[in-house]
Amino acid sequence: VMERSQLIDVLKQLKAAPPVVALVAPAIVGQFGSSLGQVIAGLKELGFHAVAEVAAGADEVAAHEADEFVERMEKGQKFMTSSCCPAYTESVKKHVPEVEEFVSSTRTPMHVTAAQLEKDFSKATKVFIGPCVAKRKEALDDEFVDLVLTFEEVAALFEAKGIECKGLEEAAPLNSAKREGRSFPTTGGVTAAIKAFVGERCELKPISIDGLEKKSIKLLSAFAKGRCSGNFVEVMGCRGGCAAGPGVVEDVKKATRAINSFAKSSESSSS
């Protein structure tokens, strides 16, 4: 986990010639007291050339991870865990390496979304905006993501520029996300998305680890030794999911309600 602000680096890029594209995490819904479209408009007023929903990448992640899950179960693997939380995957490497073989090999929504943008924005600076400080480390190792801002830092920029998102006319994102990807930020959301894509191909018996702590680390180690009662383990580094990340500006319960409502009102990939 790295908490080293890149705010100045982003400001420098916004003043430079190449376009800067924002990749907003699904947890951004409900963070600024306005609609997603109004937040996108606010980011454009800050100088971002375009804004992409990382939830669209999450849709692709869910589909790919569902296929991977079915394949692993058909091969007889006892269980598979999610891989979208960088705090979790780093914890596995450092503290419970015996779990690593059970972690999905699917890349994160941030990476997938950035890769999707390469065709049209290969020369653009890509800035991930989310609730997570562990994303700073992930971005350093990602070939398509350049910089990371937290919601707290974006809130500071809005305040400094006098931008009130709720008073702006809505703007559209570059891409279109579905219900499954928009559900990722809350506990149980990843599981629901995977289940939707797995369908009837395989029985999914989910287990949720909501927050990483000593107890959950020991539990993961026990799973690796054959004591897992389910076959899909969703792991959230923060209790409450990404909506409860260290870089949020809104109350967790309020943000969770907004995320769930927005996801529920969105079209499903299976519809």
Side-chain angles (χ1 to χ4, degrees), residues 1-2 26-27 57-112 131-135 137-138 141-142 180-181 183-246 252 256 260 269-270:
V1 172
M2 297 177 62
D59 285 322
E60 185 175 321
V61 166
H64 187 279
E65 199 161 281
D67 290 341
E68 183 184 1
F69 170 77
V70 172
E71 183 179 345
R72 289 194 184 209
M73 293 305 103
E74 288 176 345
K75 290 181 178 178
Q77 185 166 309
K78 295 179 180 178
F79 71 95
M80 185 183 86
T81 83
S82 57
S83 60
C84 54
C85 174
Y88 162 60
T89 53
E90 283 294 311
S91 294
V92 167
K93 294 174 185 177
K94 295 175 181 177
H95 303 297
V96 276
E98 62 269 28
V99 178
E100 197 159 8
E101 65 179 290
F102 300 101
V103 179
S104 168
S105 62
T106 303
R107 298 290 293 271
T108 69
M110 179 185 80
H111 168 82
V112 171
C132 180
V133 295
K135 283 292 183 184
K137 171 63 170 63
E138 183 189 343
D141 300 327
D142 194 291
E180 286 74 20
S183 298
F184 262 52
T186 60
T187 299
V190 175
T191 298
I194 302 301
K195 189 173 183 178
F197 281 104
V198 168
E200 301 298 321
R201 291 183 291 165
C202 180
E203 182 183 9
L204 189 145
K205 296 179 286 185
I207 291 177
S208 174
I209 292 185
D210 189 22
L212 287 175
E213 53 190 13
K214 287 184 179 181
K215 184 178 180 180
S216 54
I217 291 292
K218 289 181 179 179
L219 189 60
L220 284 165
S221 181
F223 288 171
K225 295 171 184 174
R227 290 177 235 161
C228 185
S229 59
N231 59 8
F232 180 76
V233 183
E234 176 194 281
V235 185
M236 292 290 187
C238 298
R239 186 182 296 276
C242 303
V252 176
T256 299
N260 289 337
S269 297
S270 58

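Positions are given from 1 along the sequence.
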*Among Val198, Val70, Ile194, side-chain contact (heavy atoms from CB on, under 4.5 Å) partner for Glu65*: Ile194
List for me each residue that meets salt bridge (charged side-chain N to carboxylate O under 4.0 Å, His left out) alongside [X], sequence neighbours excluded, and say none if there are none.
{"X": "Lys75", "value": "Glu71"}
{"X": "Asp67", "value": "Arg201"}
{"X": "Glu98", "value": "none"}
{"X": "Glu138", "value": "Lys135"}

*Mind checking what makes side chain to side chain contact (heavy atoms under 4.5 Å, CB included) contact with Lys225, not counting sequence neighbours?*
Ser221, Arg227
Locate the shortest heavy-atom distance separating [X] from [Y]; write the atom from each residue and the value.
{"X": "Ala27", "Y": "Pro185", "value": "N-CG, 3.5 Å"}
{"X": "Ser104", "Y": "Glu68", "value": "OG-OE1, 2.6 Å"}
{"X": "Ser83", "Y": "Thr108", "value": "O-CG2, 3.8 Å"}
{"X": "Asn231", "Y": "Glu203", "value": "ND2-O, 2.9 Å"}
{"X": "Ser229", "Y": "Ile207", "value": "OG-CD1, 3.6 Å"}
{"X": "Thr106", "Y": "His64", "value": "OG1-ND1, 2.9 Å"}

First locate atom [atom1] of [X], then atom [atom2] of [Y], and finally report the distance between them rounded to the nearest 0.5 Å.
{"X": "Phe223", "Y": "Lys218", "atom1": "CZ", "atom2": "NZ", "answer": "14.5 Å"}
{"X": "Glu60", "Y": "Glu180", "atom1": "CD", "atom2": "CD", "answer": "14.0 Å"}
{"X": "Phe232", "Y": "Ser208", "atom1": "CZ", "atom2": "OG", "answer": "10.0 Å"}
{"X": "Arg72", "Y": "Lys78", "atom1": "CZ", "atom2": "NZ", "answer": "14.5 Å"}

May I ask you to test the [X]-[Y] pair for a side-chain heavy-atom distance under 4.5 Å?
{"X": "Glu213", "Y": "Ile217", "value": "no"}
{"X": "Cys238", "Y": "Pro246", "value": "yes"}
{"X": "Thr191", "Y": "Leu204", "value": "yes"}
{"X": "Ser269", "Y": "Phe197", "value": "yes"}
{"X": "Cys228", "Y": "Val233", "value": "yes"}

*Return yes if a side-chain donor-acceptor contact under 3.5 Å exists between Ser82 and Glu234, otherwise no.*
no
*Check the angle between the aromatic planes of Phe102 and Phe79 and answer parallel, tilted or perpendicular using the 30° and 60° thresholds.*
parallel
Enumerate donor-acceptor pairs with a distance under 3.5 Å from any side-chain N or O in residues 84-92 to protein atoms, sequence neighbours excluded.
unit_1	atom_1	unit_2	atom_2	d
Tyr88	OH	Thr81	OG1	2.9
Thr89	OG1	Cys85	O	3.4
Thr89	OG1	Pro86	O	3.2
Ser91	OG	Ala87	O	2.7

*Carefully, step by step, assess Val190 and Met236 under the rule side-chain contact (heavy atoms from CB on, under 4.5 Å).*
CA-CA 9 Å; Val190 175; Met236 292 290 187; 4.0 Å; yes
